[in-house]
Amino acid sequence: MLQFEKFTLENGLRVIVHLDTTTPMVAFNLLYDVGARDEHPEQTGFAHLFEHLMFGGSINIPEYDTPLQMAGGENNAYTTNDITNYYIQLPAQNIETAFWLESDRMLSLAFSKKSLDVQRKVVCEEFKEHYINKPYGDAWKHLRELAYTKHPYRWMTIGKELKHVEDAQLDDVKNFFFKHYRPVNAVLCVAGNTTTEEVKALTEKWFNDIPTGEKYLRKLDQEPIQTEARTETIVRDVPLDALYKAWHMPARLSKGYYEADLITEIIGNGYASRLYISLVKEQQLFSNINCYHTGSSDAGLLVVEGKVKEGKTLEEANIAVEEQIQQLIAAGVTDDELQKAKNKIEAMIEFEDMSILSRANNLAFYELLGDAAMINDELGKYQEVTAGSLLETAKTILRKENSNTLFYKAISPNN
């Protein structure tokens with residue numbers, strides 16, 4: 001069980017402290033409650049753009065990386081549809097450097113035209129490289145737009161289209177920052193060789209005077225229940241046909257989430273999974289196939305994706321996947337399959353807990369979900385899943401009318 005303490009500053013910043021005296025390091029994780037789902041439909045890609053802008057200089061510190069490197073630290077960040085997360089790892093004796101750097105970024109970015117131009121160019125190149133020029137790079141753009149008709153999960157974190165980032169103006173960027181990147185919308189977790197007293201003193205010193213900001217209250221368009229199967233076919237210059245199937249699944253805190261996670265483990269995660277054994281090894285329809293889910297805070301997607309072997313058709317590959325899904329719905333899973341999946345989840349949780357950076361990240365995320373203490377309940381939630389509850393969830397999620405199928409065809413003389 002992970003031990004921690006927490007407190008909240010007057011400006012609303014929530015702070016979690018997790019002590020680990022076995023390491024000489026400290027992990028500093030600052031999580032903002034903003035992701036791609038919080039963007040305006042005509043100005044998408046802003047949350048991801050900020051992941052880059054935050055490294056382009058803040059109001060009093062023109063360069064972020066150099067002082068951190070001088071303190072022996074390293075850092076990175078990531079953006080999802082739900083959150084934006086910044087993290088640092090550095091020697092415990094230099095912990096104040098992290099407080100100094102991150103508090104200045106939260107206070108205000110430099111907001112220069114030069115910084116915006118530089119980071120916009122970086123993001124636009126990333127968009128082109130990974131989502132336009134890369135084989136299968138636009139698959140998720142089409143899959144999201146197929147599966148979601150209302151909810152802002154219908155666009156990718158990088159943005160709906162390149163033009164939105166290209167057209168971003170300094171005032172647009174400033175407004176987005178001061179709406180979301182405020183103490184009241186953030187969670188800080190400090191983990192490692194420190195004390196609660198030290199963290200509290202440093203947090204009050206560096207963060208206390210930052211204006212609270214306005215608490216961001218989400219009013220997102222909710223996705224209506226899907227009532228009929230959807231399909232789309234696109235043709236691209238890629239080596240092999242690919243099949244993508246997605247079903248709507250419960251939100252992160254909803255009943256059925258843990259069952260859905262275990263379903264992905266059993267049917268499509270790894271060489272011992274049902275889909276791999278049947279469709280890759282035995283029937284040789286796919287060169288590879290996986291099943292996973294998006295792990296979204298709101299209702300996400302359970303996904304099967306695979307590259308179809310040369311000489312096989314997308315149609316027969318799709319039929320074979322649907323047969324596997326029907327077998328699961330008809331007969332459920334064995335107790336042995338379920339226990340193996342639970343064992344894999346337990347091993348993954350224990351492996352993650354070995355890193356103070358992972359612990360800091362997870363504690364901040366669970367606090368954002370509602371309470372950091374939920375981290376200690378996770379394994380128990382998986383253990384409570386029965387073959388019966390898993391089957392009921394499978395029947396609810398994997399309905400034909402809840403499915404979205406993207407046929408991603410390679411260019412050929414027949415296409």
Side-chain angles (χ1 to χ4, degrees), residues 9-14 30-64 77-86 101-127 144 148 150-188 206-222 297-298 364 368:
L9 294 188
E10 289 179 7
N11 60 13
L13 178 65
R14 288 168 279 173
L30 188 55
L31 181 65
Y32 288 97
D33 188 11
V34 56
R37 64 176 169 167
D38 301 308
E39 298 161 346
H40 188 280
E42 299 307 316
Q43 288 185 320
T44 64
F46 274 44
H48 177 255
L49 177 61
F50 264 97
E51 180 192 320
H52 291 264
L53 280 172
M54 291 285 246
F55 294 98
S58 53
I59 191 165
N60 298 304
I61 306 170
E63 192 182 352
Y64 180 90
Y78 63 86
T79 312
T80 72
N81 288 78
D82 298 315
I83 60 169
T84 306
N85 196 58
Y86 298 88
L101 287 168
E102 289 298 341
S103 64
D104 202 60
R105 292 207 293 192
M106 185 185 284
L107 178 63
S108 178
L109 299 187
F111 290 121
S112 68
K113 183 179 183 302
K114 179 184 176 183
S115 175
L116 177 58
D117 289 344
V118 168
Q119 299 306 330
R120 178 166 45 203
K121 185 177 179 182
V122 170
V123 172
C124 287
E125 287 305 312
E126 183 183 342
F127 196 113
R144 283 188 178 278
Y148 290 103
K150 295 284 188 185
H151 194 283
Y153 283 163
R154 68 183 184 274
W155 58 81
M156 301 180 295
T157 306
I158 193 84
K160 191 191 298 185
E161 55 185 273
L162 190 57
K163 192 174 186 298
H164 289 180
V165 174
E166 288 176 333
D167 291 349
Q169 300 299 307
L170 209 52
D171 281 347
D172 299 329
V173 168
K174 280 184 183 178
N175 292 338
F176 192 81
F177 178 84
F178 287 110
K179 179 179 180 180
H180 295 287
Y181 296 78
R182 300 288 82 201
V184 74
N185 294 319
V187 178
L188 170 63
W206 290 104
F207 284 90
N208 221 26
D209 292 337
I210 300 174
T212 301
E214 197 171 316
K215 179 67 176 171
Y216 172 59
L217 300 174
R218 281 189 181 82
K219 295 177 182 176
L220 305 181
D221 291 332
Q222 293 306 300
S297 296
D298 293 335
L368 196 67

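Side-chain atoms are counted along with the backbone in the values below, which use heavy atoms only and exclude waters and symmetry mates.
- Within the model, atoms CD of Gln119 and CE of Met54 stand 12.0 Å from one another, a figure rounded to the nearest 0.5 Å.
- No side-chain donor-acceptor contact under 3.5 Å links Asp104 to the backbone of Trp206.
- Between Tyr32 and Tyr86, the ring planes lie perpendicular to each other; the angle is over 60°, past the 30° to 60° tilted range.
- For Glu166, the CD atom is densely surrounded, since the number of other residues' heavy atoms within 6.0 Å is greater than 12.
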### Task
Check the pair Arg120 / Asp117 against salt bridge (Lys or Arg N to Asp or Glu O under 4.0 Å), numbers first and verdict last.
CA-CA 5 Å; Arg120 178 166 45 203; Asp117 289 344; 2.6 Å; yes
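- In this structure, the side chains of Phe50 and Val123 stay at 4.5 Å or more apart for every pair of heavy atoms.
- Checked by atom type and distance alone, the side chain of Tyr64 never pairs as donor or acceptor with a backbone atom of Arg105 at under 3.5 Å.
- In this structure, Tyr181 and Phe177 have parallel ring planes: the angle between them is below the 30° cut-off, well short of the 60° mark.
- Of the possible donor and acceptor atoms, one in the side chain of Arg182 sits under 3.5 Å from a partner among the backbone N and O of Met106.
- Pro41 is listed as a side-chain neighbour of Lys160, based on a closest heavy-atom distance under 4.5 Å.
- Residue-environment remark: NZ (Lys215) exceeds the threshold of 12 foreign heavy atoms within 6.0 Å.
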### Task
Let me see the working for Thr157 and His48 under side-chain hydrogen bond (donor to acceptor under 3.5 Å, both in side chains), right down to the final yes or no.
CA-CA 6 Å; Thr157 306; His48 177 255; over 6 Å; no
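- Taking the six-membered ring where the residue is Trp, His180 and Tyr216 present perpendicular rings, their angle passing 60° and hence far from 30°.
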